[in-house]
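A quick note: this is a predicted structure, and the numbers were derived from the prediction, not measured. Ligands are counted one by one from 1 in listed order, and the atoms in each one are counted from 1 as well.
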Amino acid sequence: MVEVAAQAVIKEERPTAPMRTETFRQTRPDIAGPDAPELPFPIVLSGTVQYGFGRGGKDLGCPTANLPDESITPMSSVTQTGVYYGYAQISPEKNGQFVLSEKDRGVMPMVMSLGWNPFYKNERLTAEIHLMHDFDSDFYGHEMKALVLGYIRPELDYTSREGLVEDIETDKRVALKSLARLAYEKFKSDPIFDTTQPKL
Ligand code: ADP
Ligand code: MG
């Protein structure tokens with residue numbers, strides 16, 4: 001059995017990820033997971049968006065909102081590392097003020113990476129979420145809620161940045177297609193999300 005991500009944390013060792021191969025690239029399916037979410041999904045995650053190393057946006061053209069360590073447990077205790085799909089929402093409020101523009105307040109489709117980022121040789125397990133939406137501003141310090149609904153692929157290591165960028169682009173397409181199925185769409189209005197936000 002594949003061990004869950006939290007076991008590697010307890011053992012204080014960073015597992016090595018397999019190299020991404022050309023065969024993997026050529027045979028990636030364009031939809032992931034079963035037709036309806038199956039256990040352990042849906043998994044609810046929430047926490048304040050943290051500063052990371054600033055690499056996702058600048059280096060890879062894919063900003064990822066990082067969750068604090070303690071918010072990862074509901075996920076890492078039941079799943080392996082890898083890339084997942086689901087929905088996420090950013091709270092409009094920061095320090096008692098409503099600062100997120102109205103178009104940025106919705107529930108957005110997302111791709112999430114749970115892992116050790118082997119390409120960057122991270123020492124810590126991180127959970128990072130890319131929301132598929134063009135935000136007007138950064139939202140560090142805002143509360144983020146996420147509903148993880150399915151698994152896309154294992155975490156891999158790369159010999160080039162281009163290979164990683166290519167896989168991330170594929171992950172986004174796979175996530176959107178996977179979420180477009182009827183049994184997944186209803187989670188967009190799940191009660192964990194706020195659909196009654198005050199106007200600016
Ligand atoms: P860091 O290493 O600090 O997480 P990133 O380059 O990954 O830096 O950028 C992440 C930040 O970019 C998020 O914390 C958020 O404030 C902002 N951001 C803007 N648009 C998005 C988006 N679509 N998805 C995730 N984060 C976004
Ligand atoms: Mg990030």
A.B. asks: Between K172 and E169, is there a side-chain N and carboxylate O pair less than 4.0 Å apart?
C.D. replies: yes

A.B. asks: Below 4.0 Å, non-hydrogen atoms only: which portion of H133 touches ligand 1? Side chain, backbone, both or neither.
C.D. replies: backbone

A.B. asks: Under 3.5 Å, side chain of Y85 to main-chain N/O of A32, donor-acceptor pair present?
C.D. replies: yes

A.B. asks: Would you mind telling me if ligand 1 is within reach of the side chain of I129, the backbone, both or neither, using heavy atoms under 4.0 Å?
C.D. replies: backbone

A.B. asks: Would you mind checking which non-hydrogen protein atom is closest to atom 13 (C) of ligand 1, with the distance to 0.1 Å?
C.D. replies: A65 CA, 4.0 Å

A.B. asks: Are the side chains of P154 and T81 in touch, meaning some heavy atoms are under 4.5 Å apart?
C.D. replies: no

A.B. asks: Please list the nearest protein heavy atom to atom 17 (C) of ligand 1 with its residue and the distance rounded to 0.1 Å.
C.D. replies: D138 OD1, 3.5 Å

A.B. asks: Taking 2.8 Å as the limit, list every protein N, O or S atom around the Mg ion (ligand 2), by chain and residue number.
C.D. replies: T64 O, T64 OG1, N66 OD1

A.B. asks: Can you sort out which atoms of ligand 1 are near V49, meaning under 4.0 Å from one of its heavy atoms?
C.D. replies: 14 (O)

A.B. asks: Under the side chain to side chain contact (heavy atoms under 4.5 Å, CB included) test, which residues partner D104, sequence neighbours left out?
C.D. replies: L100, S101, H133, F135, D136

A.B. asks: How far is atom 11 (C) of ligand 1 from its nearest protein heavy atom, and which residue and atom name does that atom have?
C.D. replies: Y140 OH, 3.5 Å

A.B. asks: Do any N or O atoms from the side chain of E155 and from the backbone of A17 form a donor-acceptor pair under 3.5 angstrom?
C.D. replies: no

A.B. asks: Just need the protein heavy atom nearest to atom 10 (C) of ligand 1, so name the residue and atom and give the distance.
C.D. replies: T64 O, 3.2 Å

A.B. asks: Any nitrogen or oxygen of N66 lying under 3.5 Å from a nitrogen or oxygen in ligand 1? Just yes or no.
C.D. replies: yes

A.B. asks: Pick out which of L45, T48, L114 makes a side-chain contact (heavy atoms from CB on, under 4.5 Å) with L67.
C.D. replies: L45

A.B. asks: If the threshold is 4.0 Å, N to carboxylate O, is there a salt bridge linking E166 and R28?
C.D. replies: no

A.B. asks: Considering heavy atoms of the protein only, find what lies nearest to atom 6 (O) of ligand 1 and give residue, atom and distance to 0.1 Å.
C.D. replies: G57 N, 2.7 Å

A.B. asks: Work out which heavy atom in R181 is nearest to a heavy atom in D35; give both atom names and the distance.
C.D. replies: NH1-OD1, 3.7 Å

A.B. asks: Show which side-chain atoms of residues 138-148 pair as donor or acceptor with protein atoms under 3.5 Å away, not counting sequence neighbours.
C.D. replies:
residue	atom	partner	partner atom	Å
H142	ND1	S91	O	2.6
K145	NZ	I192	O	3.1

A.B. asks: Distance to 0.1 Å, residue and atom name: give those for the protein heavy atom nearest to atom 12 (O) of ligand 1.
C.D. replies: P63 CB, 3.6 Å

A.B. asks: A side-chain contact here means heavy atoms from C-beta on lying under 4.5 Å apart; do Y84 and T79 qualify?
C.D. replies: yes

A.B. asks: Can you find an N/O atom of Y51 closer than 3.5 Å to an N/O atom of ligand 1?
C.D. replies: no

A.B. asks: Test your reading of the model: is there a side-chain donor-acceptor pair from E185 to the backbone of L182, 3.5 Å cut-off?
C.D. replies: no

A.B. asks: Measure the distance from atom 2 (O) of ligand 1 to every protein heavy atom, then report the residue, atom name and distance (to 0.1 Å) of the closest one.
C.D. replies: G54 N, 2.5 Å

A.B. asks: Can you list the residues that meet the salt bridge (Lys or Arg N to Asp or Glu O under 4.0 Å) rule with R161, with sequence neighbours excluded?
C.D. replies: D59

A.B. asks: Once you restrict to heavy atoms under 4.0 Å, what part of F53 touches ligand 1? Side chain, backbone, both or neither.
C.D. replies: backbone

A.B. asks: Atom 16 (O) of ligand 1: which protein heavy atom is closest, and how many Å away?
C.D. replies: F139 N, 2.8 Å

A.B. asks: Does an N or O anywhere in L131 fall below 3.5 Å from an N or O of ligand 1?
C.D. replies: yes

A.B. asks: Using 0.5 Å steps for rounding, measure from the CD1 atom of I90 to the CD1 atom of I129.
C.D. replies: 7.5 Å

